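Index from 1, following the sequence. Just so it is clear, the structure is predicted and the values come from calculations on it, not from any experiment.
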Amino acid sequence: MSLLTDLINLDLSDVTEKIIAEYIWIGGSGMDIRSKGRTLSHEVTDPKDLPKWNYDGSSTGQATGKDSEVIIHPQAIFRDPFRKGKNILVICDAYTPDGEPIPTNKRANAAKIFSHPDVVAEEPWFGIEQEYTLLQKDVNWPLGWPIGGFPGPQGPYYCGTGADKAYGRDIVDAHYKACLYAGINISGINGEVMPAQWEFQVGPTVGISSGDQVWAARYILERISEKAGVVVSFDPKPIPGDWNGAGAHTNYSTKSMREEGGIEVINKAINKLALRHKEHIVAYGEGNERRLTGQHETADINTFSWGVANRGSSIRIGRETERLGKGYFEDRRPSSNMDPYVVTSLIAETTILLKPE
């Protein structure tokens with residue numbers, strides 16, 4: 001194994017200017033992350049300088065065997081924490097050979113919204129709290145839980161410490177550092193209410209960068225868990241019953257909200273979100289009805305609500321924002337398996353571009 005480790009950790013810069021670029025894209029389910037590597041002749045720092053590539057879409061559920069070629073366009077570059085050196089991770093989106101976004105490419109539409117002059121002027125900031133659950137690989141049961149059984153009830157696990165409370169911390173810490181190395185603006189991590197459930201936060205990020213960074217962070221988490229022999233679940237309610245689900249609370253502000261008098265802009269934005277509650281729920285993740293029950297720190301999926309410091313509401317305004325009269329709010333409805341391109345762009349579209357009659 002030492003030889004294998006030595007080879008994996010080879011520093012290529014000693015012998016060649018060539019680098020490895022790992023192209024990453026989203027597969028047919030909308031949650032499966034695919035990737036493959038290619039050799040480049042020299043270091044690249046701008047995605048515009050990277051070549052387009054292709055893959056077999058019939059093997060990812062995104063094309064037929066008779067017309068299987070899908071083209072991937074490089075969109076964002078991150079340092080590769082696995083190969084290190086000048087090697088890179090490349091977030092891509094997918095197109096037909098004619099240049100049309102394929103149906104699972106949600107980035108293309110998000111990019112249109114974020115490039116709208118009114119949205120650009122508002123500099124939308126996002127902070128996404130990505131929750132996930134670590135599972136034992138062969139039994140599909142939470143890490144640290146007795147096989148076929150349950151740990152003690154919720155209470156001691158949130159931000160807990162100790163072998164009987166925190167399951168999988170090595171994976172979490174490795175992911176934290178790897179994201180920082182990659183250049184992702186990961187702002188924190190914590191253990192969640194259900195044991196074996198964790199959270200990392202990405203942000204503040206501006207516009208389309210939020211989706212790029214969350215997907216890159218998800219990819220890195222999957223790779224680290226793969227090495228550890230552990231499965232990552234983004235299911236919004238992985239364990240039925242009296243256990244918290246998993247969400248992706250999305251913190252949001254615009255330039256106008258962050259300025260003096262911003263609370264009035266926040267109130268208007270919340271009113272707009274109320275008008276489009278159903279449209280947002282449809283876009284906020286599959287299986288979310290199992291999580292948004294009105295219990296376990298959630299609002300009922302069918303009812304829009306908001307409140308100050310209320311974790312049982314659809315939208316939460318923090319005490320600091322209330323005190324200052326400006327700042328941000330949190331949309332607590334998105335599930336852990338949401339597409340960040342869809343959620344962030346829809347929030348921007350509703351709060352900035354929507355003009356209620």
Are side-chain heavy atoms of Ile72 and Ile24 found at a separation under 4.5 Å? no
Please confirm whether the backbone N or O of Glu297 pairs with a side-chain atom of Arg332, one donor and one acceptor, at under 3.5 Å? yes
Are Pro101 and Asp93 side-chain neighbours, meaning at least one heavy-atom pair lies under 4.5 Å? no
Taking the side chain as C-beta and beyond, is there a heavy-atom pair between Pro81 and Ile220 under 4.5 Å? yes
Report yes or no: does Glu122 contribute a side-chain atom to a donor-acceptor pair with the main-chain N or O of Thr254 at less than 3.5 Å? no
Measure from NZ or CZ of Lys36 to the centre of the six-membered ring of Trp53 and say whether it is under 6.0 Å with the direction within 45° of the ring axis. yes
May I ask you to test the Val120-Phe114 pair for a side-chain heavy-atom distance under 4.5 Å? no
Do side-chain atoms of Ser210 reach the backbone of Val206 as a donor and acceptor pair under 3.5 angstrom? no
Taking atom CD1 of Ile20 and atom CG of Leu89, what is their separation to the nearest 0.5 Å? 11.5 Å
Judged by atom type as modelled, is there a donor-acceptor pair below 3.5 Å linking the side chain of Ser314 to the main-chain atoms of Ser305? yes
Under 4.0 Å between a side-chain nitrogen and a carboxylate oxygen: does that hold for Glu330 and Arg316? yes
Are Tyr252 and Phe126 close enough that their ring centers fall under 6.0 Å? yes
Name each donor-acceptor pair under 3.5 Å that joins a side chain in residues 175-199 to protein atoms two or more places apart or in another chain, with its distance.
| residue | atom | partner | partner atom | Å |
| --- | --- | --- | --- | --- |
| His175 | NE2 | Ala217 | O | 2.9 |
| Asn185 | ND2 | Pro204 | O | 2.8 |
| Ser187 | OG | Gln201 | O | 3.4 |
| Ser187 | OG | Gly203 | O | 3.2 |
| Asn190 | OD1 | Gln201 | NE2 | 3.0 |
| Asn190 | ND2 | Glu192 | OE2 | 3.3 |
| Gln197 | NE2 | Gly245 | O | 3.3 |
| Trp198 | NE1 | Tyr167 | O | 2.9 |
| Glu199 | OE2 | Gln201 | NE2 | 2.6 |

Does CD in Glu17 sit with more than 12 non-hydrogen atoms of other residues, nucleotides or ligands closer than 6.0 Å? no
Measure from NZ or CZ of Arg223 to the centre of the six-membered ring of Phe82, then state whether that distance is under 6.0 Å and the direction lies within 45° of the axis. yes
Taking atom CD of Glu286 as the centre, report whether more than 12 heavy atoms of other residues, nucleotides or ligands fall under 6.0 Å from it. no
Any donor-acceptor N/O pair, Thr350 side chain to Ile347 backbone, under 3.5 Å: no
Once you round to the nearest 0.5 Å, how far does CG of Asn337 lie from OH of Tyr132? 16.0 Å
Using atom types as modelled and distance alone, determine if a side-chain donor or acceptor of Asn54 lies under 3.5 Å from a backbone N or O of Ile71. no
Measure from the ring center of Trp243 to the ring center of Trp145 and say whether it is less than 6.0 Å. yes
Run the numbers on Lys86 and Glu43 for salt bridge (Lys or Arg N to Asp or Glu O under 4.0 Å), then give the verdict. CA-CA 6 Å; Lys86 296 179 179 179; Glu43 180 182 6; 3.6 Å; yes
Looking at every heavy atom in both Leu273 and Arg333, which two are closest together, and how far apart are they? CD2-NH2, 4.1 Å
Spacing of CZ belonging to Arg319 relative to CD belonging to Glu322, to within rounding of 0.5 Å: 5.5 Å
To the nearest 0.5 angstrom, please state how far the CG atom of Asp242 sits from the CD atom of Gln295. 7.5 Å
Atom CG in Leu346, atom OG1 in Thr250: separation rounded to 0.5 Å? 10.5 Å
Looking at Pro74 and Pro47, what are the two nearest heavy atoms and their distance? CB-O, 3.9 Å
Would you say the side chain of Glu22 lies within less than 4.5 Å of the side chain of Arg38, judging by non-hydrogen atoms? no
Donor-acceptor check, side chain of Ser336 to backbone of Phe234, threshold 3.5 angstrom: yes or no? yes
Would you call Asp235 and Lys237 a salt bridge, taking side-chain N to carboxylate O under 4.0 Å as the test? no
Whether Ser335 side chain and Tyr284 backbone form a donor-acceptor pair below 3.5 Å: yes
Work out which heavy atom in Ile317 is nearest to a heavy atom in Ile266; give both atom names and the distance. CD1-CG2, 4.0 Å
Can you confirm whether Glu69 sits close enough to Asp56 that some side-chain heavy atom of one is under 4.5 Å from a side-chain heavy atom of the other? no
Heavy-atom pair of closest approach, residues Lys106 and Pro103: NZ-O, 3.1 Å
Look at the side chain of Ser209 and the backbone N and O of Thr205, then say whether any donor-acceptor pair between them is shorter than 3.5 Å. no
Side chains of Tyr158 and Asn244: donor-acceptor distance under 3.5 Å anywhere? no
Residue pair Lys272 / Pro356, side-chain heavy-atom distance below 4.5 Å: yes
Heavy-atom pair with the smallest gap, counting every atom of Ser35 and Trp25: CA-CZ3, 3.8 Å
Could you tell me whether Asp11 and Lys84 have a side-chain N and a carboxylate O separated by less than 4.0 Å? no
Sidechain N-carboxylate O distance under 4.0 Å for Glu259, Lys326: no
Please report the C-alpha distance between Asp118 and Leu353 in whole Å, then the side-chain angles of each, then the deciding distance to 0.1 Å, and finally whether the side chain to side chain contact (heavy atoms under 4.5 Å, CB included) criterion is met. CA-CA 7 Å; Asp118 292 351; Leu353 300 181; 3.9 Å; yes
Close side-chain approach of Ile128 to Gln213, heavy-atom, < 4.5 Å: no
Determine whether Asp80 and Ile88 satisfy the following criterion, side chain to side chain contact (heavy atoms under 4.5 Å, CB included), listing intermediate values before the conclusion. CA-CA 5 Å; Asp80 187 338; Ile88 55 177; 5.5 Å; no
Are Phe78 and Ile208 linked, directly or through other ILVMFWY residues, by side chains that come within less than 4.5 angstrom of each other? yes
Minimal heavy-atom distance between Ile301 and His277, with the atoms involved, is O-NE2, 2.9 Å
Donor-acceptor contact below 3.5 Å, side chain Ser253 vs main chain Met257: no
Atom pair CD1/CG of Ile171 and Leu143 - distance to nearest 0.5 Å: 6.5 Å
Salt bridge or not between Asp46 and Lys48? Use side-chain N to carboxylate O under 4.0 Å. no
